[in-house]
Participant: 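This is the structure I have questions about; it appears just below.
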Amino acid sequence: MSLFQPEARTELIPAVPGPSAPAATPKLRPSWADAGIMAAFVAFAFILYGGLWDDLGTGYLWNSASDQNLWEWFFDVTAKSVLHLQNPLNSDLQNYPLGVNMMANTAMLGVGIPLTPITLAFGPTVTWAIALTGSLAGTAAAWYWVFSRHLVRHRAAAAIGGAVAGFAPSMISHGNAHPNFVAWFVLPFLALKVIHLAQGRKLVRNGIWLGVLTAYQIFLGEEPLLIFALGFVIFAVAYLASRPREIKAMVRPLLLGGGLAVVITGVLVVFPLWWQFFGPQSYSGLEHGPVGNDLAAFTRFATQSIAGQPDAAADVSINRTEENAFFGWPLIALMVVVTIWLWREAVARSLAIAMFLMAWLSMGVELMAVHVDTGVAGPWKLLADLPLFESLLESRLAMACVPAIGALLAIATERVFATAETLPDPEEGKHRLPLRLLWVGAVIAVLLPIAPTQLLVKDRPPTPAFFADGTWRTYVAPGGTVVPVPLPGSGESEPLHWQMDAGLGYAMPEGYFVGPSGPDDKRGRYGSYQVPTSTLLDRVRDSGEVQPVTDADRDQTIKDLRYWNASVLVLIPREHADAYRATVELLLRKPAQFVDGVWIWDVRAVTARR
């Protein structure tokens, strides 16, 4: 049976060999079994985020570092833009007066805009929790649906594949901080629509759906779309290499339906993409340096797995949110066995090729094994400098292996179940049941070590009363800004939380986002390019000591405060607080006031003198 043969029930895999293999089984209809499986995915996702849901007021995903504050800020600012009919692609609440290009950041407008009523009614932390929980469960459910309707006949096989695709270690790792990387629930349907177009099925309808879904995925996450598209292209090329006679029949429907999809996607996203790449505070590329997966990572267990090895995982990963290749040695061994076993089947073989090649690509330009350079060049070297790819963290390419692994496990389970159905049955199925149980038991044994544990949640630092009680309003002139000391950045994101608790009523200079490296430098960087006063305060952070101040420094500070339209500087009790306070007092030649839990410097009189 061909991959692109629409008449057959299991259109994504060849029919199971043997006399009992059905040529065309009717498609499964929605049932209580489907609802039960999807409900189980939702319940499991809620369990994983149980600590967050139990304490939406002060709970903070500990391994998210600064990112929970950032994502909540994205959702809160998006809701405010929608409420006031403002442009959601831009905000000047950070990095005042230049602003932030929201489309060029991971603002996830595809979630933030639809959930605006939730954000306005219950706050951005609830939206954050819904985005993470719903994305994990939704991804598992989406893959289950596609697998059960188009890949395998048994719901149990599809459920195993969906569970792996939704809750694999890399998904849980990103589930600490990156909802855009766990929201893969659109991607299986994108692949399905491409396949349907290649089959010549309902070109207009499938072309429209492909265009709409692609546009929506762009507003969910462009990097996951790029990674998945690369994996899917490798799968398709591998498949067509074994079925070259099918290529000619696909060209026309793909051109027609695909062309329609491109037009629809373009109409929906042309302006947002223009804004992203050419609008205010846009940038071209974001260099991360070599961040390929170490070969050892593939056989180790992720931090938040049952068999988790935190120290071993940290040794070969960037951080807790980037454990992209931690599949564990039992699953790696099973994938080798399954690949050999199913190699003669075109779809399984193509999935395996895509899986192994994406894993290879994810290891970067030079392959490392336990920090030792093997001297072997990786194929990523061919792509690393291409547009779009140059901003990608190559270690994340391993995430494309996840749906391939889920699909291969579903196919393998289907094969075992089908084989059991062909066995002699002299004693009412006593032969059939053990074979299925043995296989399911083996799969559980392999997957149990990488099964996720509940994500770590701790209490976030309380917002100072100066912000929470509205005292800041007394000190901020109309259009004026609050300047946190030190300035907010990638490692200093609490000021974003204070701003949200203050109802987004004031703007701040600098911040935590991605933007250009300078007025004439379009290279991307995390945070704003800094003015001299900001870098001077960074020296306090790095040294823990009061910095010497000259008259030139004082003049520069006044210039910077006027550039920021600053009304008040705010310092909370913190590490090196005495050094910060003394340095600012030297710069401004005035002592700080302690008001509602913070030290402040009212600079409205200074910045008003133009």
Side-chain angles (χ1 to χ4, degrees), residues 12-13 34 37-45 48 132-152 154-175 178-192 195 213 217 220-221 224-225 227-232 234-235 298 302 304-305 323-328 331-332 334-335 338-339 347-348 350-352 354-356 358-359 362 396-414 443-444 446-448 450-452:
L12 296 187
I13 59 171
D34 294 322
I37 290 169
M38 294 182 185
F41 292 151
V42 173
F44 189 53
L48 293 177
L132 290 168
T133 308
S135 292
L136 275 182
T139 298
W143 282 112
Y144 162 75
W145 186 267
V146 170
F147 290 163
S148 65
R149 267 59 186 176
H150 305 280
L151 185 66
V152 294
H154 292 86
R155 285 187 172 91
I160 290 172
V164 170
F167 299 102
S170 57
M171 300 290 286
I172 303 303
S173 174
H174 283 279
H178 306 144
N180 57 324
F181 266 92
V182 295
W184 286 51
F185 49 82
V186 171
L187 298 176
F189 297 103
L190 285 177
L192 187 62
I195 291 173
L213 290 173
Q217 179 60 45
L220 288 178
L225 175 60
I227 291 170
F228 180 75
L230 180 59
F232 184 78
I234 294 172
F235 162 78
F298 289 89
Q304 290 181 232
S305 296
E323 295 177 359
N324 296 308
F326 291 75
F327 297 106
L331 183 57
I332 296 295
L334 181 61
M335 284 298 98
V338 167
T339 297
V347 171
S350 303
L351 286 167
M355 175 181 65
F356 285 113
M358 289 301 290
S362 79
R396 292 175 174 176
L397 293 168
M399 294 188 72
C401 301
V402 171
I405 290 172
L408 285 169
L409 282 176
I411 295 172
T413 302
E414 175 84 353
V443 170
I444 292 174
V446 167
L447 297 181
L448 189 60
I450 64 169

Participant: Rounded at 0.5 Å granularity, tell me how far CE in M358 sits from CZ in F232.
Facilitator: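 M358 CE to F232 CZ: 13.0 Å, rounded to 0.5 Å.
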Participant: Determine the minimum heavy-atom distance between F235 and A354, stating which atoms define it.
Facilitator: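 In terms of heavy atoms, the two residues are closest at N-CB, 3.9 Å.
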Participant: side-chain contact (heavy atoms from CB on, under 4.5 Å) for V402 and S170? Distances and angles first, verdict last.
Facilitator: CA-CA 8 Å; V402 171; S170 57; 3.4 Å; yes
Participant: Please list, chain by chain and in numerical order, all residues satisfying ring-ring contact (aromatic ring centres under 6.0 Å, His included) with F41, sequence neighbours excluded.
Facilitator: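 Partners of F41 by the ring-ring contact (aromatic ring centres under 6.0 Å, His included) criterion come out as none, since no residue qualifies.
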Participant: Might you work through the side-chain contact (heavy atoms from CB on, under 4.5 Å) test for L192 and R149, ending with a clear yes or no?
Facilitator: CA-CA 11 Å; L192 187 62; R149 267 59 186 176; over 6 Å; no
Participant: If I compare all heavy atoms of P169 with all of I450, which pair ends up nearest, and what's the gap?
Facilitator: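 In this case the closest contact between P169 and I450 is CG-CB, 3.8 Å.
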Participant: Using a 4.5 Å cut-off on heavy atoms from C-beta on, say whether the side chain of L136 contacts that of F167.
Facilitator: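 SC-SC contact between F167 and L136 confirmed.
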Participant: In chain order, what residues pass the ring-ring contact (aromatic ring centres under 6.0 Å, His included) check against H178, with sequence neighbours excluded?
Facilitator: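 H178 satisfies ring-ring contact (aromatic ring centres under 6.0 Å, His included) with H174 only.
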Participant: Using the side-chain contact (heavy atoms from CB on, under 4.5 Å) rule, take V146 and L151 through it: C-alpha gap first, then chi angles, then the decisive distance, then the call.
Facilitator: CA-CA 7 Å; V146 170; L151 185 66; over 6 Å; no
Participant: Distance from M171 atom CE to M399 atom CE, nearest 0.5 Å?
Facilitator: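 The CE atom of M399 is 5.5 Å from CE of M171, to the nearest 0.5 Å.
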Participant: Taking ring-ring contact (aromatic ring centres under 6.0 Å, His included) as the test, write out the residues that go with F298, two or more places apart.
Facilitator: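 Once residues adjacent in sequence are excluded, F298 has no partner under the ring-ring contact (aromatic ring centres under 6.0 Å, His included) criterion.
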Participant: Among residues two or more places apart or on two chains, list those pairs meeting salt bridge (Lys or Arg N to Asp or Glu O under 4.0 Å) that have a residue in residues 396-413.
Facilitator: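 Applying salt bridge (Lys or Arg N to Asp or Glu O under 4.0 Å) to every pair that reaches into residues 396-413, excluding sequence neighbours, yields E223-R396, E322-R396.
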Participant: Do the rings of W143 and F147 sit parallel, tilted or perpendicular, given the 30° and 60° boundaries?
Facilitator: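 W143 and F147: tilted rings.
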Participant: With rounding to the nearest 0.5 Å, note down the distance linking OG in S173 to CZ in F181.
Facilitator: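 If we round to the nearest 0.5 Å, S173:OG and F181:CZ are 11.0 Å apart.
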Participant: Atom CZ in F327, atom CE in M335: separation rounded to 0.5 Å?
Facilitator: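 Reported to 0.5 Å precision, the distance equals 10.0 Å.
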Participant: Can you name the side chain to side chain contact (heavy atoms under 4.5 Å, CB included) partners of M38, sequence neighbours left out?
Facilitator: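 Expected list: A141, Y144, W145.
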Participant: Which atoms form the tightest heavy-atom contact between R155 and D34, and what is the distance?
Facilitator: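 Heavy atoms of R155 and D34 come nearest at NE-OD1, 2.9 Å.
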Participant: What's the separation between atom NE2 in H150 and atom CD1 in I195, rounded to the nearest 0.5 Å?
Facilitator: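 Between H150 NE2 and I195 CD1, I get 9.0 Å after rounding to 0.5 Å.
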Participant: Using every non-hydrogen atom in the two residues, find where G175 and L132 come nearest and quote the distance to one decimal.
Facilitator: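 Residues G175 and L132, closest heavy atoms: O-CD2, 3.5 Å.
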Participant: Show the nearest heavy-atom pair for residues A398 and N324, with the distance to one decimal.
Facilitator: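 Closest approach of A398 to N324: CB-O, 3.5 Å.
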Participant: Quick one: list whatever passes side chain to side chain contact (heavy atoms under 4.5 Å, CB included) with V186, sequence neighbours left out.
Facilitator: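 Testing V186 for side chain to side chain contact (heavy atoms under 4.5 Å, CB included), a comparison that skips the adjacent residues, returns L190, L213, Y216, Q217, L220.
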Participant: Measuring from L230:CG to L225:CG, what's the distance to the nearest 0.5 Å?
Facilitator: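 Between atom CG of L230 and atom CG of L225 there are 11.0 Å.
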Participant: For residues I160 and T413, report the shortest heavy-atom separation together with the two atoms involved.
Facilitator: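 Minimum heavy-atom separation between I160 and T413: CD1-OG1, 3.9 Å.
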Participant: Find out whether F185 and S135 are in side-chain contact, i.e. whether some heavy atom of one side chain is under 4.5 Å from a heavy atom of the other.
Facilitator: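 Yes - at least one pair of side-chain heavy atoms lies under 4.5 Å apart.
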Participant: Within the distance-only criterion (no hydrogens, no angle test), does the side chain of T139 pair as donor or acceptor with the backbone N or O of V182 below 3.5 angstrom?
Facilitator: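 Flag set: sc T139 to bb V182 pair under 3.5 Å.
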